[in-house]
Engineer: 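Below is one structure. I have some questions about it.
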Amino acid sequence: MIEIKKSNHQGVPATARGIKIMNVQSPYIMRAYDIAKREEKISKINAQLCSFIRKQTSSKNDTESLSIGDVVFIQSSNHETGVAELPSYLCRGLITHIKQENGKYNVLLVDHGISIELNKDKMYKVPKDFIPEKYLTKTIGIFNILPIRMRKNVPTTSSSSNGYKNKSTAVVVEEWSEEAILFVKNILVASSAVYFDHLVTDEVNGREYGEFYLIIDDLIISLSEALVVNYYATYLEEDLFQLIETSNHKQESSEEDIIIYAKFSSNRQKNANQLVGEVQKHCSVRHIEKVLIQSRNNCGILSDVTDLSFPKGVHKGWNTCINSTRPRKIQSYVWPAIKKGLNVVAIGSSQCGKTTGCVMAVCGLVVMRQNMMARNVTHPLALILCSSSFEVINVHSLCTSFLQFYNNVKSVAAFNGKTHRSVAALIYNGCQILVTTPRYLARFLNDNKNFLSFDKLSYLLFDNADIILDKYYQTIGELFKKHNIIGNREPQGDNSPILQIILSATKWTPKIKKFVSVVMYDPFICIASFIEAVVFKSLRPKLYILRSTYKNQKILDILEDDYTKLRTMVVCVNAEEAVQLNAFLAPTKKTLLIHENMKLFNILALRENWETCVRGLYPVLICTDAILSQLNCTDVQWLIHHSVLLTFKNQFNYRFSVLLDNLAQDVAKCKISIIIDEHNNVQFQSIMKVMQRMNVAISPDMVENIERITITLERSKKNYDICDNVKSLGLCPDESVCVFRHCILPDVDAPMTDIQINDTVKLMILYVHDTAHFSARLIGHVPSSNNSKKVMFSSAEYMQITRKIQEYYRNVENRKLCTSTNVGDICVLEESIDTFKRVQIRRIRYDRGTSEEVKFVDVRCIDTGLIHEYVNIYKLIHIPEELLNLPTHIVEIFLAGIAPYDNEYTWNHYATDAVYKWISEKVDSSTYITGKVRLHLGNTIWLDDIVTRTKLINHNDLVGFSLKTQLRNENHAILNDDHISHLMKLYKKSGLSEVNGYPV
């Protein structure tokens, strides 16, 4: 029996522990390891492995007598595993199978839970107890459920005239179906965290059984309940044991039939239905369906993609691209409305599936309509307007995937960087769906009058409508009035189509509200973001900024005496806060306390108590973020945020789901109170942006306080790089949610070299990150104060740095796990086999889950400039002081004074490809690259331009081609005169009056 510790994730039973499942054979057999202290355990085992290897260096490797059950170890430096790489440099293994046909051995890596195939000369046989540490993985399984399969057309007794009816019946079987196993694998993949509550142990094989709790979108899902509700399993209850035992004496039935009648005979059907009803009632899968709908039409909910009933080829395209038959939350609601022909507004967070869902629907409808209409290439059936050229490329790719099985239905992408002639040629080749940006379309129509006609336009989709209507509102007006793209909204009495308008957006904005009211008739509005639902209903929360010691007293003051007439919920960030608040309020107020450290049956009992309360006797429900999903409460009338000290913004967003029932009313009678204290830092800025969008009254003193806190928070990010958007454009459109730094710190951002403004640098570009962002090796520079002086950087020194690093890590004993994984830390990454690079951690990746435990990081190679994303921290190696302090010759280069064409907020792939083309065509062995410095901070240099030069004997070097000029000529970029001035303002805010020797 192993020791059970409290889980790290709030909201699961206190007896559960965080695990990582590496292999699934069935719900009964899964290989997993505990997350807690895993790094420490791995390091200890690796140290023992290294020690064992040193002692065995002179011993002969006996692999001739290898058999199943033998213990081996493997080194990563000389393996051929058939997989990309081993999870660790040294691994313990257990031989589980020998393939007779090729002589290869199947080895289970007992500390990592994965299996690999090896030749026997790639491993070393060792005694079974050569390391006393227990294996870090073990086999676990689900407890107290039996697999079932659904059988159709099974006759059962009925009160009907013939005495029988046919229906689907569940059959208890011995083996799990492939569908059930696939379901478990899929739901595990979708989970950001998994917890295992150990209940019993099989003493024969040591296998543990219990309940699994999965975290999906901040919701807690019981695996056994999910299997039961989806008809893959049934609970093994006491009465089922008795019925099976009784039925085993029936000689006239087979064993399978016995189990059928035991579980689902007529006298059991009612109880079975009640069981399923209770599971569905408590199962957290239902929580995913929470959205706010405003419409006069009840369109229903779609639970399977195939229910869309689009032409077969469209569904084949979906399966090829998405490979899932289960729609996302927002897709379940908007698809039936779009299919019904309604004008639709879909509001949801990024990555919620709104764009994919809307594009899929448009493609399906176009295919259906195209089959009924004559082919006319210059009369598109659908127009999709995107917020940037980058998004045009992505949306067009989706269209191409969904339409890949149709030769007569084509989409055309028109965006900055493409000539009007090339777009016109594509349209002539066939264009049923035109994907473009508003400004590009307006220019194309102005330059090619009467080329396109929208009299057959049936579907108009605005993707990222909040951005489009904010940045391109006047252009939309031009498209509507001058080019009449919405002229066919009214029935014409013939076969002319009626235009269906669809909007997808992340935020509900005043301009969307105006657009919907003026342009869209009888819209179906679906809002899947709970914060945006509050904004949509024009609620105005009350905001309090005060010290944490006064929070409980403030809540007591605002509750007053009429709190019993409203369903009031106070949400705290953890159990400790909730308990303290309850102790403070209980003497004078009626309270109900629920938090994650309580037993599950107590939580369910308290929830039932809350649900049965009547008006005038309501207690104040005090709970925590971790327990909200289990409460499944949507009828709260007054939501009080005790604090917002949250690592993840979606936790704050989910709190507003408790208001959903009242938000769905025509007039929302809800109250919201938000308390912010000195500890609310991580999400402070984004929350304040939301408050401003909710028209919360903020006094001038509070505004000043907010600005001061915001600056303080930015300065606390000293280990983070300055945001790339700030470096590239001068500002960051996502500043409120961006993890990088948006201020300049003189101590941190002091230039790494003596290069000054107006100096000319000579460099070699190593990587192109985007159109205006590069990594380069400094070759030399010419000071502006002395044009005859040339300062060169040693190429030999640069090569020696690489050689020293490679030589040090050639010794396996020097490859020790990095113990510190904080932002700004420098360590080493094995970029490829036996190739080691110094890297610095740029950011910690929390977006692959909701756990605060660090698992993945982004790193930048110090000596090449290459950025690696989502690197597992177990691949990072400790770096000694002598290698850490080696100099670097690599700098980041930004092209100053340009922005994407049409002032778009991101560079597209075609613009970046144009840079690659310029380098390949203009730079060769006879030329070199130079640029004039506009600014130098840290390891980043901004250049006025990047130009080629050619060395001439006895003459000044010949100036060649300009990258900035080429980008402008090909309509990839425009001038951005505010770029450097924005950066100078940031520098001025730091309190300094000069930069690089020049006044700010």
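Note that this is a predicted model, so its numbers are computed, not measured.
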Engineer: To the nearest 0.5 angstrom, please state how far the CG atom of Leu426 sits from the NZ atom of Lys418.
Structural biologist: 5.0 Å
Engineer: With rounding to the nearest 0.5 Å, note down the distance linking CG in Leu778 to OG in Ser794.
Structural biologist: 13.0 Å
Engineer: Taking atom OG of Ser728 and atom CH2 of Trp942, what is their separation to the nearest 0.5 Å?
Structural biologist: 10.5 Å
Engineer: Checking side chain to side chain contact (heavy atoms under 4.5 Å, CB included) for the pair His483/Glu478: CA distance, chi angles, key distance, verdict?
Structural biologist: CA-CA 7 Å; His483 301 291; Glu478 179 185 351; 3.9 Å; yes
Engineer: Could Arg845 and Phe856 be counted as a cation-pi pair, given that NZ or CZ must be under 6.0 Å from the ring centre and within 45° of the axis?
Structural biologist: no
Engineer: Could you check whether atom NZ of Lys507 has more than 12 heavy atoms from other residues, nucleotides or ligands sitting under 6.0 Å from it?
Structural biologist: no
Engineer: Please determine whether the number of non-hydrogen atoms from other residues, nucleotides or ligands lying under 6.0 Å from atom OH of Tyr905 exceeds 12.
Structural biologist: yes
Engineer: Ignoring hydrogens and geometry, is there a side-chain-to-backbone donor-acceptor pair from Gln432 to Lys410 under 3.5 Å?
Structural biologist: yes
Engineer: Are there more than 12 heavy atoms of other residues, nucleotides or ligands under 6.0 Å from atom CG of Asp447?
Structural biologist: yes
Engineer: We want to know whether Asp463 and Ser504 form a side-chain donor-acceptor pair, criterion being a heavy-atom distance below 3.5 angstrom.
Structural biologist: yes
Engineer: Does Arg443 pair with Asp902 as a salt bridge, N-O distance under 4.0 Å?
Structural biologist: yes
Engineer: How long is the straight-line distance from OH of Tyr720 back to SG of Cys738, given to the nearest 0.5 Å?
Structural biologist: 10.0 Å
Engineer: Give every residue pair that meets the ring-ring contact (aromatic ring centres under 6.0 Å, His included) criterion with at least one member in residues 752-778, sequence neighbours excluded.
Structural biologist: His769-His773, His773-Phe894
Engineer: Do the side chains of Val871 and Val839 get nearer than 4.5 Å, heavy atoms only?
Structural biologist: no
Engineer: Does some side-chain heavy atom of Tyr472 sit less than 4.5 Å from a side-chain heavy atom of Arg439?
Structural biologist: yes
Engineer: With side chain to side chain contact (heavy atoms under 4.5 Å, CB included) as the test, would you mind laying out the steps for Tyr928 and Arg949 before giving the verdict?
Structural biologist: CA-CA 5 Å; Tyr928 62 93; Arg949 290 177 181 267; 3.5 Å; yes
Engineer: For Ser349 and Thr506, which heavy atoms make the closest approach, and how far apart are they?
Structural biologist: CA-CG2, 4.3 Å
Engineer: Measure the CG-NE2 distance between Leu731 and His742 for me, rounded to the nearest 0.5 Å.
Structural biologist: 9.5 Å
Engineer: Using the side chain to side chain contact (heavy atoms under 4.5 Å, CB included) rule, take Phe480 and Val519 through it: C-alpha gap first, then chi angles, then the decisive distance, then the call.
Structural biologist: CA-CA 10 Å; Phe480 283 6; Val519 179; 4.2 Å; yes
Engineer: Please check: side-chain N/O of Thr948 versus main-chain N/O of Ile929, any donor-acceptor pairing under 3.5 Å?
Structural biologist: no
Engineer: Can you confirm whether Val791 sits close enough to Thr753 that some side-chain heavy atom of one is under 4.5 Å from a side-chain heavy atom of the other?
Structural biologist: no
Engineer: Are Ile502 and Tyr459 close enough that some pair of their side-chain heavy atoms sits under 4.5 Å apart?
Structural biologist: no
Engineer: Can you tell me if Glu921 has over 12 outside heavy atoms packed within less than 6.0 Å of its CD?
Structural biologist: yes
Engineer: Using modelled atom types and a 3.5 Å cut-off, is there a donor and acceptor pairing between side-chain atoms of His396 and backbone atoms of Leu398?
Structural biologist: no
Engineer: With a 3.5 Å distance limit and no angle check, can you tell me whether Asn446 reaches the backbone of Ala442 through a side-chain donor-acceptor pair?
Structural biologist: yes
Engineer: For Gln404, is the CD atom crowded, meaning more than 12 foreign heavy atoms sit under 6.0 Å from it?
Structural biologist: yes
Engineer: Passes ring-ring contact (aromatic ring centres under 6.0 Å, His included), Tyr473 versus Phe515? Steps please.
Structural biologist: CA-CA 10 Å; Tyr473 195 81; Phe515 183 91; 8.0 Å; no
Engineer: Mind running ring-ring contact (aromatic ring centres under 6.0 Å, His included) on Tyr440 and His420 for me, showing each step along the way?
Structural biologist: CA-CA 9 Å; Tyr440 187 95; His420 291 176; 5.4 Å; yes
Engineer: With no hydrogens and no angle check, is any side-chain donor or acceptor of Lys717 less than 3.5 Å from a backbone partner on Phe740?
Structural biologist: yes
Engineer: What's the verdict on salt bridge (charged side-chain N to carboxylate O under 4.0 Å, His left out) for Arg842 and Asp858, showing C-alpha distance, side-chain angles and the deciding distance?
Structural biologist: CA-CA 5 Å; Arg842 301 184 75 236; Asp858 292 353; 5.3 Å; no
Engineer: Between Asp945 and Lys964, is there a salt bridge with N-O shorter than 4.0 Å?
Structural biologist: no
Engineer: Can you see which heavy atom on Ala413 is nearest to which on Val392, and at what distance?
Structural biologist: CB-CG1, 3.9 Å
Engineer: Quick one, Gln840 with Asp721, criterion side chain to side chain donor-acceptor pair (under 3.5 Å). Give me CA distance, side-chain angles, the key distance, then yes/no.
Structural biologist: CA-CA 10 Å; Gln840 185 172 34; Asp721 290 337; 5.9 Å; no
Engineer: For Leu967, is there any backbone N or O sitting under 3.5 Å from a side-chain donor or acceptor partner on His972?
Structural biologist: no
Engineer: Do you know which of Ile467, Asn464, Ile384, Ile468 makes side-chain contact (heavy atoms from CB on, under 4.5 Å) with Glu391?
Structural biologist: Asn464
Engineer: Start with the C-alpha distance between Phe415 and Tyr901, add both sets of side-chain angles, then the distance that settles ring-ring contact (aromatic ring centres under 6.0 Å, His included), and finish with yes or no.
Structural biologist: CA-CA 10 Å; Phe415 54 89; Tyr901 204 80; over 10 Å; no
Engineer: For residues Tyr798 and Phe793, determine if any side-chain heavy atom of one lies less than 4.5 Å from a side-chain heavy atom of the other.
Structural biologist: no
Engineer: Specify the closest pair of heavy atoms between Thr437 and Ser389, including all atoms of both residues, with the distance to one decimal.
Structural biologist: CG2-N, 3.8 Å
Engineer: Take Asn939 and Ile890 through the test side chain to side chain contact (heavy atoms under 4.5 Å, CB included) and record every step on the way to the result.
Structural biologist: CA-CA 8 Å; Asn939 71 326; Ile890 305 302; over 6 Å; no
Engineer: Just wondering, are more than 12 heavy atoms of other shown residues or ligands nearer than 6.0 Å to NZ in Lys922?
Structural biologist: yes
Engineer: Contact between His781 and Val933 at the side-chain level, heavy atoms closer than 4.5 Å - yes or no?
Structural biologist: no
Engineer: Asp749 and salt bridge (Lys or Arg N to Asp or Glu O under 4.0 Å): which single residue from Arg741, Lys727, Arg715 fits?
Structural biologist: Arg741
Engineer: Please say whether more than 12 non-hydrogen atoms of neighbouring residues, nucleotides or ligands are located less than 6.0 Å from NZ in Lys917.
Structural biologist: no
Engineer: Give a yes or no on this: more than 12 heavy atoms of other residues, nucleotides or ligands lie within 6.0 Å of atom CG of Asp913.
Structural biologist: yes
Engineer: Where is the tightest heavy-atom contact between Leu895 and Ile946, given as atom of each residue plus distance?
Structural biologist: CD1-N, 3.7 Å
Engineer: Which atom names give the shortest non-hydrogen contact between Ala414 and Thr436, and what distance separates them?
Structural biologist: O-OG1, 2.7 Å
Engineer: Which heavy atom of Tyr987 sits nearest to which heavy atom of Leu937, and what is that distance?
Structural biologist: CE1-CD2, 3.4 Å
Engineer: Are Arg838 and Leu886 side-chain neighbours, meaning at least one heavy-atom pair lies under 4.5 Å?
Structural biologist: yes
Engineer: Can you confirm whether Ile476 sits close enough to Leu385 that some side-chain heavy atom of one is under 4.5 Å from a side-chain heavy atom of the other?
Structural biologist: yes
Engineer: Do side-chain atoms of Lys837 reach the backbone of Cys861 as a donor and acceptor pair under 3.5 angstrom?
Structural biologist: no
Engineer: Once you round to the nearest 0.5 Å, how far does OG of Ser401 lie from CD1 of Ile322?
Structural biologist: 8.0 Å
